[in-house]
Number of protein chains: 2
Amino acid sequence: MHIQSGFRAPAPQQVKSAGVGQLLNAMQPAAVTLYAPDAEIYAQGDKAGPLYYVEFGTVRICRLTADGRRQISAFHIAGEVFGFEAASEHDSFAESVDGAGIRVLRPSCGEIPAQSLLTLALQSLTRTQHHLLVLGRRTANERMAALLVDLNDRQNGAGLVHLPMQRNDIADYLGVTFETVSRILRALKDQGLIRMKSVSEIELADLDALSAMCD
Amino acid sequence: MHIQSGFRAPAPQQVKSAGVGQLLNAMQPAAVTLYAPDAEIYAQGDKAGPLYYVEFGTVRICRLTADGRRQISAFHIAGEVFGFEAASEHDSFAESVDGAGIRVLRPSCGEIPAQSLLTLALQSLTRTQHHLLVLGRRTANERMAALLVDLNDRQNGAGLVHLPMQRNDIADYLGVTFETVSRILRALKDQGLIRMKSVSEIELADLDALSAMCD
DNA sequence: CGACCTGTTGATTCTGCTCAATCAACGTGG
DNA sequence: CCACGTTGATTGAGCAGAATCAACAGGTCG
């Protein structure tokens, strides 16, 4: 369930990803829709086509195995676009993580600007390939470090990382269990690499060391 | 080192992936270049731009961690196109697995057909996301089953799979060690799911069971 | 207050890695 | 033709990292 809303973005400076600007111009975004935490944005099997622009909040893109194991392939934060798919139906599904504001971009008048869409798809591909390396060849500690460094880069880069998602989501993104996430954070804290201001606020005390852990 | 060659494709029926046809027409492919096994096609840091069409043989797309661990993000076989990248430089590298014949597609006359390129990029993204699920949430047995079923689909689908790559490559694609690959194949054989005609020829004795292992 | 949810921590198990030996296939040179 | 070295695949023994099972603490909300 999602609620139409005239919500305005609380984000002070809206940093759009490269290529997003053109797309927004060409596709005249709809009003912002607010999705409650864990609300479904689109489901596996839904007709693909419209794209989604994150005004604020965080979105997770997921897949399930037949027996219910979940893998989150990406988190999308404010300023990013998601929802493009090769087939006519979505084969992954998207959910709001923490209450996200989304604008639907419909290919209504005129045609889809393939060029800027291509740019976004290639960026997404690059990041997914990088995540493959993380899941295939890194230890749990290194995976966690990779996430923290990545979030730091995508947030203000000031060394204070906000985790909008909970442990379960982090676990399913990193391909480990949530207990392991907890233990890894504890270990990183004990090593002095991070300081935990709160459950969802982490200070990267030694950014160099963390970066070195993930290339 | 690669040798210019007037090689002709030994593949009897050349099955092009969806979207490839248009691209080939628009980009007038160059002559086939033969790459010896393990020969580099492009390196990390190389200027990106040209695309590559696999005439025959197999190509691997790789990334390395700082300490040398390798992850293969994809194998490309005859009829597929690879080499598109978001940035201006490749951040992964491509090598011939078994002696591959490659045509370079240069965006020479006219501009790149963004629409068909987008189709390919999205297909690549979909497959990479699916592979993420395999690496993040599947056991070694399931990963091997996934590869066998995938190769079977992309080859003739007749239940007799040819492995053009060696154990080391399989391991780095599946995110396990080559010893584990060996053991898994042994286990699948003992369970009667596969029969090993040779080191590189595997008969899928129970395709249903193998498919069930990976959704 | 009690039920519930999230996160943390502990004890134990197990999957897959590491280290290592063996074997088969091949090519080379005497 | 055969001894030798090399390379890839298989197999074994022991270990370690992460999963599983389980208990518990803190916070929120009815």
Side-chain angles (χ1 to χ4, degrees), chain A residues 36-38 58 60 65 67-71 97-99 134-147 162-191 194-202 213, chain B residues 36-38 58 60 65 67-72 95 97-99 134-148 161-191 194-202 213:
Chain A
D38 299 326
T58 307
R60 58 177 175 251
T65 65
D67 60 350
R69 287 171 283 176
R70 184 179 67 155
Q71 177 64 44
V97 168
D98 57 345
V134 172
L135 294 194
R137 286 302 178 204
R138 294 205 179 276
T139 66
N141 297 52
E142 293 168 342
R143 295 180 199 196
M144 193 68 227
L147 175 59
H162 172 63
L163 299 177
M165 71 295 288
Q166 51 193 39
R167 299 295 186 264
N168 213 334
D169 287 333
I170 296 176
D172 285 351
Y173 178 71
L174 298 182
V176 298
T177 62
F178 64 85
E179 294 99 326
T180 296
V181 170
S182 217
R183 278 185 255 266
I184 297 298
L185 286 174
R186 172 65 193 272
L188 292 179
K189 190 183 65 165
D190 289 350
Q191 295 168 46
I194 62 174
R195 278 186 285 274
M196 301 195 58
K197 317 298 283 188
S198 77
V199 169
S200 61
E201 291 289 331
I202 296 184
M213 287 176 69
Chain B
D38 298 326
T58 307
R60 58 176 177 250
T65 65
D67 59 352
R69 287 170 283 176
R70 184 180 67 155
Q71 178 64 44
I72 296 178
E95 293 173 338
V97 167
D98 58 345
V134 173
L135 294 194
R137 286 301 177 204
R138 293 205 179 276
T139 66
N141 296 51
E142 294 168 341
R143 296 180 198 195
M144 192 70 227
L147 175 59
L148 291 174
V161 171
H162 172 64
L163 299 177
M165 70 297 286
Q166 51 195 39
R167 299 295 185 265
N168 213 333
D169 286 334
I170 296 175
D172 285 351
Y173 178 70
L174 298 182
V176 298
T177 62
F178 64 87
E179 295 99 326
T180 295
V181 171
S182 218
R183 280 184 254 264
I184 297 297
L185 286 174
R186 173 64 193 271
L188 293 178
K189 190 181 65 164
D190 289 349
Q191 294 169 46
I194 62 174
R195 280 185 284 274
M196 301 196 57
K197 318 298 283 187
S198 78
V199 169
S200 61
E201 291 290 330
I202 295 184
M213 287 176 68

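Naming: A, B, ... by sequence-line order, numbering from 1 per chain.
- For the pair B/R137 CZ and C/dT15 P, the interatomic distance rounds to 16 Å; values are reported in whole Å.
- Nucleotides of DNA chain D nearest to A/I184 and B/D38 differ in position, and the one nearer the 5' end is that of B/D38.
- Regarding A/L174, its CG atom lies at a distance of 11 Å from the P atom of D/dA18, rounded to whole Å.
- Computed from coordinates, the A/K189 NZ to C/dG7 C1' distance equals 12 Å when rounded to whole Å.
- Map A/E179 and B/N141 each onto its nearest nucleotide of DNA chain C; the residue landing nearer the 5' end is A/E179.
- Between A/T177 and D/dA19 there is a side-chain N or O to OP1 or OP2 distance below 4.0 Å.
- Note on B/R167: a side-chain N or O is less than 4.0 Å away from OP1 or OP2 of D/dT10.
- Put simply, CE on A/M144 is 12 Å from P on C/dG7, counting in whole angstrom units.
- Dashed line: the shortest gap from a side-chain N or O of B/T180 to OP1 or OP2 of C/dC17 is under 4.0 Å.
- The distance from atom CZ of B/F178 to atom P of C/dG16 is 17 Å, rounded to the nearest whole Å.
- The CZ-C1' distance, from B/R186 to D/dA9, rounds to 13 Å in whole Å.
- Between the CZ atom of A/R138 and the C1' atom of C/dG16 there is a distance of 19 Å, rounded to whole Å.
- Of the possible polar contacts, none joining the A/E201 side chain to the A/L163 backbone as a donor-acceptor pair under 3.5 Å is found.
- In this structure, B/T180 and B/M144 have side chains that are not in contact, with every pair of non-hydrogen atoms separated by 4.5 Å or more.
- We find that CG of B/D98 is positioned 17 Å from C1' of D/dT7, with the value rounded to whole Å.
- Between A/D67 and B/R137 there is no salt bridge, since no side-chain nitrogen of the basic residue lies less than 4.0 Å from a carboxylate oxygen of the acidic one.
- When side chains are defined from C-beta on, B/R138 does not count as touching B/M213, because their heavy atoms never get closer than 4.5 Å.
- Side-chain contact between B/V134 and B/E142 is absent, with no heavy-atom pair separated by less than 4.5 Å.
- When distances are taken from the side chain of B/S182 to each of D/dA9, C/dT9, D/dA18, the shortest belongs to D/dA9.
- Distances shorter than 4.0 Å separate none of the side-chain N or O atoms of A/R183 from OP1 or OP2 on D/dA18.
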